[in-house]
Amino acid sequence: MPRRAAAGSRPVALDAVHGSKLVTQVINKVMTGGKKSTAEKIVYEALDILAKRTGQEPVEALEASVRSLSPSLEVRSRRVGGATYQVPVEVPGPRAKTLAVRWLIEFARNRREKTMAERLAGELSDAQSEQGGAWKRKDDIYRMAQANKAFAHYRW
């Protein structure tokens, strides 16, 4: 049992251009070395590229991509009597969104396009069409949870 109260989550500010918390979350995840202005340029350029490709509003396209990447189930390790089981559990909403954004940025960084904005836009459009590395990660985690459904009674 923790000695102190649980750590609270800090409120995320709305971004300046689109007024969206999700865009701010993506900007903060893209940011490296504390260079927020550079991260903002990358994300806004990626959203413009995505809007041109899909014909949707930029924030709507981003939300659709993140929604398609958000996992519904994941596995957690649970130790029972000397054996460790991978127990499938449902993913809470905020964690699902955070995981989706994390995977999105991680796999965008590993793509082969020239600029980070193009990589991010490519990964976002791949997520909408259920392709790409981030969507594959979501699918792999879901399959693992389905394969370990027999251990669901160990859920806590």
Side-chain angles (χ1 to χ4, degrees), residues 7-78 85-149 151-152 155:
S9 60
R10 287 179 283 157
V12 178
L14 302 176
D15 79 297
V17 175
H18 299 289
S20 169
K21 289 184 177 185
L22 182 59
V23 175
T24 304
Q25 192 175 359
V26 172
I27 289 170
N28 289 340
K29 198 67 184 169
V30 168
M31 180 172 54
T32 56
K35 301 196 174 199
K36 192 159 197 165
S37 60
T38 306
E40 286 174 343
K41 288 176 194 170
I42 290 169
V43 172
Y44 293 144
E45 187 180 339
L47 288 176
D48 290 342
I49 294 169
L50 183 66
K52 287 176 187 166
R53 285 185 191 170
T54 61
Q56 293 178 307
E57 289 293 315
V59 177
E60 290 176 12
L62 175 66
E63 287 173 353
S65 298
V66 169
R67 204 175 314 114
S68 73
L69 291 177
S70 297
S72 57
L73 289 174
E74 68 177 345
V75 291
R76 291 262 172 105
S77 295
R78 173 95 167 128
Y85 298 105
Q86 296 288 320
V87 180
V89 293
E90 290 184 17
V91 182
R95 176 165 168 77
K97 191 192 304 185
T98 302
L99 283 172
V101 171
R102 182 185 305 161
W103 296 336
L104 186 70
I105 304 306
E106 176 186 337
F107 286 100
R109 284 195 173 119
N110 295 330
R111 286 175 71 98
R112 292 200 174 112
E113 282 92 350
K114 192 162 181 94
T115 65
M116 182 60 189
E118 291 171 5
R119 294 175 192 168
L120 184 56
E123 196 64 38
L124 285 165
S125 60
D126 281 354
Q128 284 186 346
S129 58
E130 297 184 349
Q131 296 175 345
W135 197 84
K136 187 177 181 320
R137 168 75 59 89
K138 175 207 169 187
D139 194 47
D140 289 347
I141 285 181
Y142 183 78
R143 285 175 195 247
M144 193 183 303
Q146 290 297 321
N148 290 312
K149 217 191 263 188
F151 305 124
R155 198 175 313 144

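These numbers were taken from a predicted model, which means no experiment stands behind them.
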query = At what distance, to the nearest 0.5 angstrom, does CD of Q146 lie from NZ of K149?
reply = 4.0 Å
query = Out of curiosity, L124 CG to T54 OG1, how far, rounded to the nearest 0.5 Å?
reply = 9.5 Å
side-chain hydrogen bond (donor to acceptor under 3.5 Å, both in side chains) partners of R67, counting only residues at least two apart = none
request  = Can you sort out the partners of A51 under side-chain contact (heavy atoms from CB on, under 4.5 Å), two or more places apart, ordered by chain and number?
outcome  = P58
query = For residues 9-24, which residue pairs qualify under side-chain hydrogen bond (donor to acceptor under 3.5 Å, both in side chains), counting only residues two or more places apart or in two chains?
reply = D15-Y44
task = With sequence neighbours excluded, give me every ring-ring contact (aromatic ring centres under 6.0 Å, His included) pair touching residues 109-136.
result = none
request  = Rounded to the nearest 0.5 Å, what's the gap from CG on L22 to CG on L62? Could you check?
outcome  = 4.5 Å
task = Find the distance between CG (L120) and CG (L47) and round it off to the nearest 0.5 Å.
result = 7.0 Å
remark   = For residues 38-64, the salt bridge (charged side-chain N to carboxylate O under 4.0 Å, His left out) pairs (sequence neighbours left out) are none
request  = Kindly write out the residues that satisfy salt bridge (charged side-chain N to carboxylate O under 4.0 Å, His left out) with D140, not counting sequence neighbours, or none if the list is empty.
outcome  = K136
ask   = For A16, what residues pass the side-chain contact (heavy atoms from CB on, under 4.5 Å) criterion, not counting sequence neighbours?
value = none
key: Residue pairs fulfilling side-chain hydrogen bond (donor to acceptor under 3.5 Å, both in side chains) with at least one residue in residues 85-95, sequence neighbours excluded   = E74-R95, S77-Q86
query = So, do Y142 and S72 sit near enough that their side-chain heavy atoms are less than 4.5 Å apart?
reply = yes
inquiry  = Quick check against the 3.5 Å criterion: does Q128 have a side-chain atom that pairs as donor or acceptor with the backbone of A61?
reply    = yes
query = Please, which pairs that meet ring-ring contact (aromatic ring centres under 6.0 Å, His included) have at least one residue in residues 52-77, sequence neighbours excluded?
reply = none
message = Return the CG to NZ distance between L73 and K138, rounded to the nearest 0.5 Å.
response = 10.0 Å
task = Determine the minimum heavy-atom distance between A96 and S70, stating which atoms define it.
result = O-OG, 3.8 Å
task = Indicate yes or no for a side-chain donor-acceptor contact from S65 to the backbone of A127 under 3.5 Å, with no hydrogens or angles considered.
result = no
ask   = Under the side-chain hydrogen bond (donor to acceptor under 3.5 Å, both in side chains) test, which residues partner N148, sequence neighbours left out?
value = none
key: Pairwise distance CG(L104) to CD(Q25) - rounded to 0.5 angstrom   = 10.5 Å
Please tabulate, for the side chains in residues 30-37, all donor-acceptor contacts under 3.5 angstrom to protein atoms that are two or more places apart in sequence or on a different chain.
from : atom 1 : to  : atom 2 : distance (Å)
K36  : NZ     : N28 : OD1    : 3.0

inquiry  = If you compare all heavy atoms of M116 against all heavy atoms of I42, which two are closest, and at what distance to 0.1 Å?
reply    = CG-CG2, 3.6 Å
inquiry  = Suppose the criterion is salt bridge (charged side-chain N to carboxylate O under 4.0 Å, His left out): which pairs have a residue in residues 98-114, not counting sequence neighbours?
reply    = E106-R137, R111-E113, R111-E123, R111-D126
inquiry  = Using the rule given for side chain to side chain contact (heavy atoms under 4.5 Å, CB included), can you reason through L69 versus F107, listing the C-alpha separation, both sets of side-chain angles and the distance that settles it, and then say yes or no?
reply    = CA-CA 12 Å; L69 291 177; F107 286 100; over 6 Å; no
